[in-house]
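Worksheet for the structure shown next.
Below, chain A is the first sequence line, B the second, and so on; all start at residue 1. All heavy atoms count here, side chains included; hydrogens, waters and symmetry mates do not.
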Protein chains: 2
Amino acid sequence: MSSSSDEPSAKKPRRRSRIREAHEAKILHIAEELFSRNGYNGTAIEAIAEHAGMSKQNLLYYFSSKEVLYHRVLENILDLWLEKMALLDQEGEEPAEMLRNYIRGKVELSRTNPKASKVFAIEIINGAPHLKDYLKSSLTPVLEADVQLVKDWIAEGKMDPIDPYHLFFLIWSSTQTYADFSSQVELSLGKGELDEADYQTATEFLTHVILKGVGLS
Amino acid sequence: MSSSSDEPSAKKPRRRSRIREAHEAKILHIAEELFSRNGYNGTAIEAIAEHAGMSKQNLLYYFSSKEVLYHRVLENILDLWLEKMALLDQEGEEPAEMLRNYIRGKVELSRTNPKASKVFAIEIINGAPHLKDYLKSSLTPVLEADVQLVKDWIAEGKMDPIDPYHLFFLIWSSTQTYADFSSQVELSLGKGELDEADYQTATEFLTHVILKGVGLS
DNA sequence: ACCATATTTTACCATATGGTAGAAATTAAC
DNA sequence: GTTAATTTCTACCATATGGTAAAATATGGT
């Protein structure tokens with residue numbers, strides 16, 4: 001509609017800088033990796049900076065403190081998480097199909113973002129000290145909507161009268177275990193690393209057991 | 001039968017000391033608590049010592065290093081874990097009943113030892129750097145026996161032909177979530193802390209869904 | 001080329017922390 | 001009570017780490 005300039009009043013400080021964008025992205029990526037391996041306290045910002053190819057002081061130029069950086073990492077993760085969470089919102093299909101997609105999405109998330117999942121998990125285990133407020137305000141409404149949907153299904157006699165909350169706890173934990181506890185899973189299976197077939201097997205197993213378990217198959 | 005002395009050949013260095021026993025126990029207990037809240041790197045041995053009512057140097061007299069102390073905490077936890085693991089060994093009852101007891105035992109463990117479970121979880125998430133060898137040698141054989149038992153049940157047509165390994169991953173993750181991710185569960189349920197009724201509900205829910213899901217009910 | 005701004009480097013600092021050495025004090029067997 | 005061992009305390013230390021201050025350098029628009 002208007003001209004290509006979005007800020008007509010900008011006179012001088014109108015720089016966003018590709019270099020900043022790139023560096024911040026790189027730092028966030030490395031930070032996710034290191035935080036997932038060593039936790040918050042076990043990760044030195046100097047180590048993050050080194051892996052990102054810059055000095056610690058330079059990193060601190062982009063993220064004013066370790067806390068701020070960690071926060072950003074957590075927020076990115078939670079947003080990813082909440083995206084998949086909204087799957088139940090899209091009504092229209094059959095309950096079985098929706099739950100199947102939900103489970104598939106969660107396993108997929110574990111496969112594609114294992115590091116993020118681990119950072120998130122450690123944060124939750126430690127009582128979510130940095131995340132509690134954000135979690136409460138963002139998770140709760142989505143969960144409540146999902147729970148209500150399941151309750152409706154139950155009321156309509158479409159599935160067994162199970163506790164919806166615990167159903168979600170079950171799905172979350174069983175799907176995330178392939179990211180968070182991958183070392184234990186790998187050790188149990190006698191594998192070095194899980195491959196696509198393993199995730200496929202996991203998805204099929206979980207959908208079979210959970211859907212049948214709640215009377216949806 | 002014999003005299004009250006168990007070591008007739010002991011001449012001088014025959015002290016075990018109740019005080020050492022008591023102090024070590026106290027230290028281990030506090031350490032479990034703090035490690036579960038702040039992780040390995042986030043926990044200062046000085047903090048552990050303070051909570052145990054002694055100086056850091058005194059703690060170091062009982063445990064020669066932080067690593068050693070952490071190791072001991074982990075071993076205690078893993079032993080607890082493996083105990084409940086052997087439930088499947090006691091054959092004789094019906095498959096359904098055995099699995100039911102197994103699940104009940106795991107939930108019970110989450111309820112009675114949430115801190116231990118958390119320390120264990122963080123260690124696993126971080127790739128089990130301190131525990132891998134011990135885990136491999138102690139978990140694997142028990143798990144293999146359990147897996148074989150399930151395979152037998154499947155071969156006998158007693159249950160659905162599911163993947164036994166993933167069944168155990170499912171049970172481990174879904175039961176431990178009530179310890180490890182308790183803060184998330186509490187937040188989701190809108191509760192300050194889980195009570196007995198919650199664990200009861202969880203147990204009933206999990207046994208219902210999992211047993212039915214694998215064709216055992 | 002010039003200049004304002006963005007980026008990077010150099011130089012420090014205060015604090016926390018795991019660990020060591022050895023003296024002092026306590027304990028318990030004899 | 002003496003004695004040998006156990007337990008605790010005093011004094012340190014080396015290192016790691018998050019963070020600050022400010023100078024130096026690069027960048028991009030005009």
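The pair A:Glu33-A:Arg37 meets the salt-bridge criterion, with a side-chain N (NZ, NE, NH1 or NH2) lying under 4.0 Å from an Asp/Glu carboxylate O. Between B:Glu97 and B:Arg100, at least one side-chain N (NZ, or NE/NH1/NH2) sits under 4.0 Å from a carboxylate O, which counts as a salt bridge.
Rounded to an integer number of Å, the gap from A:Lys66 NZ to D:dT17 C1' is 8 Å. Distance, A:Glu24 CD to C:dT8 P: 11 Å, rounded to whole Å. Rounded to a whole Å, the CD1 atom of A:Ile19 is 17 Å from the C1' atom of D:dG29. For B:Arg18 and C:dT27, the CZ to P distance is 12 Å, given to the nearest whole Å. At whole-Å resolution of the value, CD in A:Glu21 and C1' in C:dA6 are 14 Å apart. Note: CG (B:Leu60) to P (C:dT17) measures 14 Å, nearest angstrom.
Along DNA chain D, the nucleotide closest to A:Ser65 and the one closest to B:Asn58 are compared, and the more 5′ of them pairs with B:Asn58.
Residue B:Tyr62 places at least one side-chain N or O under 4.0 Å from the OP1 or OP2 atom of D:dT8. Listed pair B:His23 / D:dT6 fails the phosphate criterion, with no side-chain N or O lying under 4.0 Å from OP1 or OP2. For A:Tyr61 and C:dT8, the shortest distance from a side-chain N or O to OP1 or OP2 is not below 4.0 Å. In this model, the phosphate group of D:dT6 is not approached by any side-chain N or O of B:Arg20 to a distance below 4.0 Å at OP1 or OP2.
Under the side chain to side chain contact (heavy atoms under 4.5 Å, CB included) criterion, A:His29 pairs with no residue at all, not counting sequence neighbours. Evaluation of the side chain to side chain contact (heavy atoms under 4.5 Å, CB included) rule for B:Asn113 yields B:Leu80, B:Leu109, B:Ala116 as partners, not counting sequence neighbours.
In this structure, B:Lys84 is not positioned above the aromatic face of B:Tyr102 in the sense of NZ or CZ being under 6.0 Å from the six-membered ring centre and within 45° of the axis.
Contact check of residues 33-57 of chain A against DNA chain C (heavy atom, cut-off under 4.0 Å) returns A:Ser55, A:Gln57.
Ring pair B:Phe169/B:His166: centre-to-centre distance below 6.0 Å.
In this structure, D:dT30 and C:dA1 make a Watson-Crick or G-U wobble pair, each of the two defining distances being under 3.5 angstrom.
Counting only heavy atoms from C-beta outward, the side chains of A:Trp81 and A:Gln176 approach each other to under 4.5 Å.
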